[in-house]
Asker: 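Structure below; questions to follow.
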Amino acid sequence: MALLQAPTPALETLQVRNLHVDSENSPSDEFTLSEGPPLKHLSLDDITTPLNHPRLSNLITLALTGSPVPKSPEQLLHILSRLQQLEELAIKHLQNGTWEGRASAPILLPYLKKLDLSHLPSIYIATILASIYTPSCSHIVVHDWGRSEEGVEALEALDAVIWRPGNDQAALLLGSSSSRSERSGLYVQRLVQWIGVKSPMSLDGYRELEFSRVDVPRFMTQLATTISQLPSPPAVEIEVKAGGIPVALLPWGDLLKSLVVEGKDACRSVLQQLSQRHVTPGTGEVDWVCRKLAKITLIYEWDEQEDTVADGRALLSLVRQRWSSEDGFAGA
């Protein structure tokens with residue numbers, strides 16, 4: 001099927017959507033562009049076309065949903081390497097494909113301002129994030145569609161590339177810039193198999209990142225290390241949802257400003273950790289874990305079998321030790 005066979009000298013935007021997916025009456029799910037002037041904006045939804053067409057070489061926006069999404073991240077990276085003028089990129093909905101899970105030399109997308117990678121396999125997203133550099137990107141949305149037991153080692157290797165301290169692309173993903181004197185906070189949500197990171201909506205941009213991992217504690221620690229070494233680290237609010245494995249607080253250190261915890265096991269773990277002191281790296285001084293923590297919310301589920309006496313004693317002990325200086329140490 002060919003589109004735009006008639007002359008269209010003023011055409012800049014093309015949006016094509018297949019409304020008959022999996023229907024017996026569905027037309028061809030692929031089309032070929034006829035010759036003509038370059039397009040600036042292309043959006044394809046469950047219909048494909050060769051993306052190496054000369055008319056697509058100067059795209060400013062590209063949105064692919066469903067079937068037109070390249071089946072491997074390597075194919076997508078090859079396409080992106082030729083689209084240096086891109087300002088907006090949205091790649092959504094891919095369940096099956098093939099991928100090796102290896103980072104390539106970073107592809108520079110100097111003008112990209114908006115990036116949306118949604119409902120894609122974890123390793124697909126990680127390969128893309130490990131292989132691009134987007135110095136102008138300020139609006140970023142990343143949503144894994146689900147984790148897989150396969151390719152865990154490859155995914156961990158990609159995470160090591162993306163979230164290594166000092167990586168400029170990691171700083172961009174988290175909204176950090178060395179030129180800014182003030183940093184807005186980050187909200188980190190911990191579920192059973194998911195980690196979410198959000199920044200407040202502002203004129204400077206927006207981040208909504210959602211990752212699915214088999215080893216959530218490892219990823220959380222990795223994330224904390226990266227954030228702590230940003231040029232201007234933001235304050236962090238962490239929420240641990242019910243059913244989640246208790247979070248290790250020590251790696252978050254002075255970043256942690258607010259903590260919301262659901263579930264008796266996670267609550268007890270938090271109380272135990274906050275009652276401890278540790279040796280501060282670099283100074284050798286003994287201080288409280290997460291000494292800048294200003295707010296704690298503990299939520300017990302109504303149907304949980306609570307040991308109210310033990311929990312009450314733990315909470316009272318924490319208050320006495322950490323905030324009242326009753327044990328001879330300065331309160332937090």
Asker: Test side chain to side chain contact (heavy atoms under 4.5 Å, CB included) on Val260 and Val240 and set out the steps.
Answerer: CA-CA 6 Å; Val260 179; Val240 181; over 6 Å; no

Asker: What I'd like to find out is whether the side chain of Leu155 reaches to under 4.5 Å of the side chain of Glu153, using heavy atoms alone.
Answerer: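 With C-beta onward as the side chain, the pair stays apart.
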
Asker: Is there any ring pair (Phe, Tyr, Trp, His ring centres under 6.0 Å) pair reaching into residues 55-97, and which pairs are they, with sequence neighbours excluded?
Answerer: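 Listed by first then second residue: His93-His119.
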
Asker: For Arg17, does the CZ atom have more than 12 heavy-atom neighbours from other residues, nucleotides or ligands under 6.0 Å away?
Answerer: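 At most 12 heavy atoms, drawn from other residues, nucleotides or ligands, come within 6.0 Å of this atom.
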
Asker: Provide the closest heavy-atom pair for Leu42 versus Leu51 in the form atom of the first, atom of the second, distance.
Answerer: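 So the minimum-distance heavy-atom pair works out to CD2-CD2, 4.0 Å.
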
Asker: Atom CG in Leu117, atom CG in Leu76: separation rounded to 0.5 Å?
Answerer: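 Interatomic distance, Leu117 CG to Leu76 CG, rounded to 0.5 Å: 8.0 Å.
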
Asker: Between Arg277 and Asp287, is there a side-chain N and carboxylate O pair less than 4.0 Å apart?
Answerer: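 Not counted as a salt bridge, because no side-chain N and carboxylate O are separated by less than 4.0 Å.
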
Asker: Does the salt bridge (charged side-chain N to carboxylate O under 4.0 Å, His left out) test come out yes or no for Glu156 and Arg218, once each step is laid out?
Answerer: CA-CA 9 Å; Glu156 290 183 353; Arg218 178 199 62 82; 3.6 Å; yes

Asker: With rounding to the nearest 0.5 angstrom, report the CZ to CG distance, Arg213 to Leu223.
Answerer: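 Taking CZ in Arg213 and CG in Leu223, the distance rounds to 10.5 Å.
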
Asker: Take Thr226 and Gln229 through the side chain to side chain contact (heavy atoms under 4.5 Å, CB included) test and state the conclusion after the steps.
Answerer: CA-CA 5 Å; Thr226 301; Gln229 298 189 26; over 6 Å; no

Asker: Using distance alone, with no hydrogens and no angle criterion, decide if Gln273 and Ser269 have a side-chain donor and acceptor under 3.5 Å apart.
Answerer: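 Per modelled atom types, Gln273 and Ser269 side chains form a pair under 3.5 Å.
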
Asker: Looking only at heavy atoms, which two atoms of Gln84 and Tyr111 are closest? And how far apart?
Answerer: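 Scanning both residues completely, I find the closest heavy atoms to be O-CD1, 3.4 Å.
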
Asker: Hydrophobic clustering (ILVMFWY, side-chain heavy atoms < 4.5 Å, transitive) - are Tyr187 and Ile299 grouped together?
Answerer: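 Shared cluster, no.
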
Asker: As an exercise, state the distance from OG1 of Thr65 to CG of Asp116, rounded to the nearest 0.5 Å.
Answerer: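 The OG1 atom of Thr65 sits 8.5 Å away from the CG atom of Asp116.
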
Asker: Any luck finding a side-chain donor-acceptor pair between Ser122 and Asp144 under 3.5 Å?
Answerer: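 Their side chains do contain a donor-acceptor pair, which is all the 3.5 Å distance test asks for.
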
Asker: Using every non-hydrogen atom in the two residues, find where Leu112 and Glu88 come nearest and quote the distance to one decimal.
Answerer: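 Closest approach of Leu112 to Glu88, heavy atoms only: CD1-N, 3.7 Å.
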
Asker: Going by distance alone, is a donor N or O of one side chain under 3.5 Å from an acceptor N or O of the other, for Thr49 and Glu30?
Answerer: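 No, because no side-chain N or O of Thr49 sits under 3.5 Å from a partner of the opposite role on Glu30.
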
Asker: Going from CG on Leu158 to CG on Leu129, what distance comes out if it is rounded to the nearest 0.5 angstrom?
Answerer: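 Going from the CG atom of Leu158 to the CG atom of Leu129 covers 9.5 Å.
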
Asker: What's the shortest heavy-atom distance between Val69 and Leu64, and which atoms?
Answerer: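 Where Val69 meets Leu64 most closely, the heavy atoms are CG2-O, 3.6 Å.
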
Asker: For the pair Thr61 (side chain) and His41 (backbone), establish whether a donor and an acceptor sit closer than 3.5 Å, ignoring hydrogens and angles.
Answerer: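 It does not hold such a pair.
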
Asker: Can you tell me how far the NZ atom of Lys113 sits from the CD1 atom of Ile140, to the nearest 0.5 Å?
Answerer: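 One finds 14.0 Å between NZ of Lys113 and CD1 of Ile140.
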
Asker: When rounded to the nearest 0.5 angstrom, what distance separates CG in Leu318 from CD1 in Ile296?
Answerer: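 Interatomic distance, Leu318 CG to Ile296 CD1, rounded to 0.5 Å: 6.0 Å.
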
Asker: Step by step, would you call Tyr124 with Trp145 a ring pair (Phe, Tyr, Trp, His ring centres under 6.0 Å)?
Answerer: CA-CA 11 Å; Tyr124 193 107; Trp145 63 253; over 10 Å; no

Asker: For a 4.5 angstrom cut-off between non-hydrogen side-chain atoms, does Glu262 reach Glu239?
Answerer: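 Sidechains of Glu239 and Glu262: in contact.
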
Asker: Kindly work out whether a path of hydrophobic side-chain contacts (I/L/V/M/F/W/Y, heavy atoms less than 4.5 Å apart) joins Tyr133 to Leu77.
Answerer: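 Per the 4.5 Å side-chain linkage, Tyr133 and Leu77 are not co-clustered.
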
Asker: Under 3.5 Å, sequence neighbours excluded: what are the donor-acceptor pairs made by side chains of residues 249-258?
Answerer:
unit_1 : atom_1 : unit_2 : atom_2 : d
Asp254 : OD1    : Arg291 : NE     : 3.1
Asp254 : OD2    : Arg291 : NE     : 3.1
Asp254 : OD2    : Arg291 : NH2    : 3.0

Asker: How close do Thr297 and Lys295 get, heavy atom to heavy atom, and via which atoms?
Answerer: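 What the structure gives for the nearest pair is OG1-CE, 3.9 Å.
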
Asker: Could you tell me which non-hydrogen atom of Leu173 sits nearest to which non-hydrogen atom of Arg207, and how far apart they are?
Answerer: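 Nearest pair, atom of Leu173 first, then Arg207: O-CG, 2.8 Å.
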
Asker: Aromatic contact between Phe219 and Trp194, with the criterion being ring centroids under 6.0 Å apart: yes or no?
Answerer: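 Between Phe219 and Trp194, the centre distance exceeds or equals 6.0 Å.
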
Asker: Under 4.5 Å between any side-chain heavy atoms of Val236 and Ile238, yes or no?
Answerer: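 Yes. Closest side-chain heavy atoms under 4.5 Å.
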
